[in-house]
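Letters A, B, ... mirror the listed sequences (proteins, then strands); counts begin at 1. It should be emphasised that the depicted structure is a prediction, and the values quoted were computed from it without experimental measurement.
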Amino acid sequence: MNDAADQPSGHAIHPAAEAEPAVGAEPPRYDFGAAEPRWQAAWEAHGCFRVEDQPQDGRPKYYVLEMFPYPSGKIHMGHVRNYTLGDVVARYKRARGFAVLHPMGWDAFGLPAENAARERGVHPAKWTWENIANMRAELQRMGLSLDWRREFATCDPAYYGHQQKLFLDFLKAGLVERQESWVNWDPVDGTVLANEQVIDGRGWRSGAPVEKKKLAQWFFRITKFAPELLAALDGLERWPERVRLMQANWIGRSEGARVRFALAGDSAETVEVYTTRPDTLFGMSFLAIAPEHPLAAAAAARDPAAAAFIAECRRLGTSEAVIEAAEKRGYDTGLRVAHPFIAGASFPVWIANFVLMEYGTGAIFGCPAHDQRDLDFARKYGLAVPAVVLPAGEDAATFSVADKAFDGTGIIINSDFLDGLQAPGEAKAAAIAALEARGIGQGVVNWRLRDWGVSRQRYWGTPIPIIHCAACGVVPVPEDQLPVVLPEDVRFDVPGKVLDHHPTWKHVACPRCGQPAERETDTLDTFVDSSWYFARFCSPLAGEPVVRGAVDHWMPVDQYIGGIEHAILHLLYSRFFTRAMKLTGHMSVEEPFAGLFTQGMVTHESYKGADGAWLYPDEVEKHLDGTAVHRQAGTPVTVGRVEAMSKSKRNTVDPGAIIARFGADTARWFILSDNPPDRDMEWTEAGVVGAYRFTQRLFRLIDGHDGQAGGAVPDGFSTAAKALRRVTHRSIIAVTEALESFAFNVAVARIYQLANAIADADRAGDSEQAGLSWARGEALETAARLASPMMPHLAEEMYARLHPDAAHLVAELPWPEGDAALAAAETVTIAVQVMGKLRGTISMPPGAAAAEVLAAAEACVAQALDGKRVVKRVHVPDRIVNFVVAG
RNA sequence: GCGGGCGUGGUGAAACUGGUAAACACAGCGGACUUAAAAUCCGUUGCCGAGAGGCUUGCGGGUUCGAGUCCCGCCGCCCGCACCA
């Protein structure tokens with residue numbers, strides 16, 4: 001899911017770059033290398049991040065989840081961003097008194113493991129588990145506040161066995177179905193290809209011409225839930241609007257009618273058509289069917305030219321290049337259909353390349369005047385273009401359609417009993433009523449959503465728990481025989497399906513009749529694995545898929561965080577699964593994710609060497625003027641665009657190397673600091689170094705502190721101390737607000753401000769010292785605690801220095817409370833405008849009387865007013881005064 | 001084509017329900033410390049102008065005492081879906 005394709009890891013950083021941090025020969029005072037593991041151990045020892053499956057402590061629950069990673073080998077910057085964002089939320093919510101469930105696991109099945117097996121001879125299991133071990137260590141170095149006891153990998157039978165149980169439950173509930181369906185078949189690899197894997201009609205891996213093949217496949221009946229999956233989108237208020245729209249478009253509800261056209265002649269055959277515009281039936285000039293339509297096949301059987309046309313369509317396919325060209329092509333079958341309402345009228349039946357067998361009924365009626373696509377087709381083949389909807393302001397006698405179809409609202413003309421009705425609106429209803437009255441059609445709701453094909457001809461996936469018996473047919477594996485475990489002794493050097501050619505695995509006795517039978521050798525789409533892992537996290541060790549008490553306590557996920565690339569499929573499948581699990585008695589919620597946040601990508605400059613080959617960032621030395629050279633060769637380097645990190649462009653930075661060089665807090669701080677988290681961010685060396693410097697600066701502020709924090713409040717505060725306290729309490733209020741609204745970059749800026757204020761106070765406090773040291777301690781402690789969701793290790797280090805005897809870790813402390821009275825300004829600056837233009841400012845105590853403010857304001861801008869007559873005085877308390885003058 | 005989003009300094013960006021545009025950071029410039037550099041610290045930095053002052057949130061209108069923010073029309077960029085009947 002969270003996979004290498006989007007944000008690959010960088011390669012190992014070059015030793016020359018690793019030797020010395022780019023910042024300073026003087027040894028840094030804060031030794032993150034020693035501190036970070038120490039605090040990680042402390043959190044572990046205190047069990048700070050653990051929660052129970054069914055907690056009884058009365059705290060409100062909060063479930064934070066980031067999309068779990070695909071174990072590709074190393075973590076990449078996309079992971080760092082994703083898991084840092086989630087960790088900020090988790091740590092903040094914990095401090096706010098929530099019991100926070102924050103788990104991590106592995107989306108561990110998938111094709112890359114099989115590719116590794118084929119290319120390098122490593123078993124997929126070994127490859128995967130080793131990657132998991134590496135990546136777990138890398139994630140642990142980030143200091144994430146995870147309950148690691150809940151970790152699981154989907155490739156573990158202890159996980160996928162429960163998935164098989166869910167499959168069987170869904171099967172019983174009628175949510176799983178076996179259907180014949182057309183697939184892209186790669187004859188060399190012996191596997192089914194997704195549409196995206198067919199390039200110019202050839203398999204992306206083998207290069208062999210792809211064949212269309214009809215296979216029996218397992219389907220999840222997601223279409224059963226289409227209406228509620230659509231309707232419930234409205235309730236997902238904490239989802240990005242665009243994701244909801246993408247889902248709505250994908251589900252694709254449309255209202256229209258099915259109309260049965262009788263074939264002219266003596267046959268009793270009919271062709272059924274789906275239309276959203278039955279009100280324009282009188283504007284019909286042809287009927288068109290998809291090349292795969294049964295009627296087209298019948299025509300081909302009689303007519304070689306028709307067969308040739310169909311073959312041509314199939315050859316061209318529906319690749320994007322072809323669609324782009326958008327040439328409407330057709331073949332007249334010679335068949336004719338009768339019009340449903342006009343006695344004696346008939347229209348030709350064409351096979352057309354733009355009609356899709358998968359949508360509606362695979363047949364349309366052509367109404368060229370009111371549909372652009374039909375119009376293009378009609379013009380090309382010289383078909384009639386009768387207009388039946390009259391736009392406002394047009395004359396029925398003269399209105400006609402030239403090269404632009406009219407698809408707006410209007411009044412129906414030339415349509416017998418529909419004449420004069422509003423189109424589409426009431427005319428659509430009237431047309432449907434007429435169709436139903438005559439028994440030749442009915443109003444229907446049509447969905448774009450298709451059932452979810454889950455069969456994959458792969459090894460490294462969940463075996464489908466089914467046995468095929470010659471006598472009994474399809475037989476579910478009995479539940480007491482679960483899990484159906486993948487065999488380990490498999491070969492990848494033979495073409496075809498790995499599970500199919502295993503010598504013994506598939507041969508079993510039929511559970512029903514005992515005769516020799518065969519296991520299903522397809523495995524489940526890996527999207528299935530990620531469609532319920534969030535539920536499993538609630539009770540990860542349970543002997544059943546989920547424990548009701550746990551899942552009902554923790555679900556739904558309160559905040560889900562991940563990439564926009566999963567806006568449709570993963571989220572839709574998970575929504576389906578949650579409903580299906582509710583139906584089969586596993587859960588009581590319907591929607592898995594109450595809140596969704598989609599993060600932006602991590603980008604980086606790309607570099608090309610003199611030979612035109614892409615270079616890794618650490619092979620490049622950049623100069624101040626923007627030019628760059630190769631670090632060793634000194635040859636010129638072209639600095640390319642800033643774009644999403646990708647393996648092929650080599651514009652990647654390895655998080656492991658960054659953490660080793662600067663520490664986890666620096667990496668976390670930088671990735672949060674520059675951009676709003678939903679926007680793409682550019683990873684720059686300068687940015688990381690800047691973040692690193694700030695960690696050192698914060699530490700220096702603590703190091704120079706002349707005492708502890710807390711203790712008795714002093715009798716009085718000097719002006720500088722009061723000013724510092726004001727910033728401190730304002731910072732609490734502002735950072736809290738920023739964290740609540742995912743404005744982490746703003747939270748970071750407020751913490752910089754607080755650090756600056758401490759430095760300012762250090763300079764200003766020379767004459768009157770009253771309470772300054774105390775206020776400084778308060779400010780430092782506040783800075784540490786406000787920064788703790790973002791840089792948790794340094795926060796602990798700072799806090800421990802301020803409170804050497806503290807019984808608690810920052811990770812265990814409640815969130816600081818901002819005191820609004822202390823944050824309030826002693827004086828406010830009020831802008832004074834004349835006619836809306838700024839002409840001066842005045843300082844007043846907050847809440848000063850209007851008369852007083854106006855008088856001061858008028859005095860302030862006396863020169864600008866210069867005897868002009870003031871006709872209006874606008875006073876916004878504590879903010880602005882605006883004088884409107886005559887003339 | 002349909003749907004959505006975004007245009008603010010040299011750069012990333014901030015701006016509560018319309019109320020002093022540019023917080024914070026990066027880069028730059030000047031200075032201190034240093035044999036020198038790095039680090040650190042101080043100052044400065046939207047644009048035009050010597051200055052007073054004027055101008056400024058893609059462009060053009062509008063509403064308003066007041067618009068980055070609301071409305072209308074353009075221009076540009078990005079993303080999603082796409083022969084969906």
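Here the P atom of nucleotide B:rC81 and the CZ atom of A:R253 are 23 Å apart, to the nearest Å. For the pair A:D678 CG and B:rG5 P, the computed distance is 13 Å after rounding to whole Å. Going from atom CG of A:D703 over to atom P of B:rA39 covers 20 Å, rounded to whole Å. Distance, A:D407 CG to B:rC84 P: 12 Å, rounded to whole Å. When the P atom of B:rC81 is taken as reference, atom CG of A:L449 falls 15 Å away, rounded to whole Å. B:rG5 atom P lies 12 Å from atom CZ of A:R244, rounded to whole Å. Put simply, CD1 on A:I364 is 9 Å from C1' on B:rC83, counting in whole angstrom units. Whole-Å rounding puts the A:F670 CZ to B:rC26 C1' distance at 9 Å.
Here, B:rU63 and B:rA27 have their C1' atoms 41 Å apart, quoted to the whole Å. B:rG46 and B:rA21 have their P atoms separated by 14 Å, given to the nearest Å. The P atoms of B:rC79 and B:rC47 are separated by 32 Å, rounded to the nearest whole Å. Rounded to the nearest Å, the gap between the C1' atom of B:rG19 and that of B:rC70 is 15 Å. Here, B:rU34 and B:rG53 have their C1' atoms 44 Å apart, quoted to the whole Å. For the P atoms, the distance from B:rA23 to B:rG18 is 23 Å, rounded to whole Å. When the P atom is used for both B:rC74 and B:rC2, the distance is 13 Å, rounded to whole Å. Using P as the reference atom, B:rU8 and B:rA13 are 9 Å apart when rounded to the nearest Å.
Not one side-chain nitrogen or oxygen of A:R373 sits closer than 4.0 Å to the OP1 or OP2 atom of B:rG1. A close approach under 4.0 Å does not occur between any side-chain nitrogen or oxygen of A:R242 and OP1 or OP2 of B:rC81. Close to B:rA82, at under 4.0 Å from its OP1 or OP2, lies a side-chain N or O of A:R448. Between A:R693 and B:rA39 there is a side-chain polar atom (N or O) within less than 4.0 angstrom of OP1 or OP2.
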field: Per-nucleotide protein contact string for nucleotides 6-21 of chain B (B base, S sugar-phosphate only, - none; heavy atom under 4.0 Å)
entry: ------SSS-B--BB-
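Inspection of the A:R730 and A:Q753 side chains reveals no N or O donor paired with an N or O acceptor under 3.5 Å. Using modelled atom types, one finds no donor on one side chain facing an acceptor on the other under 3.5 Å when comparing A:S673 with A:Y752. Between the side chains of A:N446 and A:Y359, at least one donor-acceptor pair of N or O atoms lies under 3.5 Å.
Side-chain contact between A:M790 and A:L739 is present, with at least one heavy-atom pair separated by less than 4.5 Å. Looking at A:I364 and A:T275, their side chains never come closer than 4.5 Å, going by heavy atoms from C-beta outward. Residues A:L233 and A:R575 are in side-chain contact: their nearest non-hydrogen atoms beyond the backbone lie under 4.5 Å apart. In this structure, A:R697 and A:Y30 have side chains that are not in contact, with every pair of non-hydrogen atoms separated by 4.5 Å or more. Between A:F365 and A:F347, the closest side-chain pair of non-hydrogen atoms is not below 4.5 Å.
Out of B:rA82, B:rA23, B:rC83, the shortest distance to the side chain of A:A749 is found at B:rA23. Of the listed nucleotides (B:rA25, B:rC81, B:rU40), B:rA25 has the atom at the smallest distance from the side chain of A:N756. Checking B:rC24, B:rG3, B:rC41 against the side-chain heavy atoms of A:L245 singles out B:rG3 as nearest. With B:rC83, B:rA85, B:rA82 as the choices, the nucleotide that has an atom nearest any side-chain atom of A:F354 turns out to be B:rC83. Nearest to the side chain of A:M246, among B:rA85, B:rG4, B:rG80, sits B:rG80. When each of B:rG4, B:rC24, B:rA85 is scored by its nearest atom to the side-chain atoms of A:Q753, the top-ranked nucleotide is B:rC24.
Counted within 6.0 Å of CZ on A:R448, heavy atoms from surrounding residues, nucleotides or ligands total more than 12; the atom is thus considered enclosed. In the displayed structure, A:R750 atom CZ is contacted under 6.0 Å by at most 12 heavy atoms of other residues, nucleotides or ligands.
If you check every strand for non-hydrogen atoms under 4.0 Å, A:V355 touches a base. Here A:Y274 lies in heavy-atom contact (under 4.0 Å) with a base. Contacts of A:R873 with the nucleic acid, taken as non-hydrogen atoms under 4.0 Å apart, are absent.
In terms of position on RNA chain B, the residue among A:K872 and A:Y359 whose nearest nucleotide sits closer to the 5' end is A:K872. Comparing A:F365 and A:G687, the nucleotide of RNA chain B nearest to each residue sits closer to the 5' end for A:G687.
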- line: Each base of RNA chain B marked ( ) or [ ] if paired in-strand (Watson-Crick or G-U under 3.5 Å), | if paired to another strand and . if unpaired gives (((((((..(((......[....))).(((((.......))))).(((....)))..(((((..]....))))))))))))....
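With a glycosidic angle no further than 90° from 0, B:rG9 counts as syn.
Using a distance-only test at 3.5 Å, with no hydrogens or angles considered, a donor-acceptor pair links the side chain of A:T603 to the main chain of A:M681.
Within the 6.0 Å centre-distance limit, the rings of A:F286 and A:F377 are counted as a close aromatic pair.
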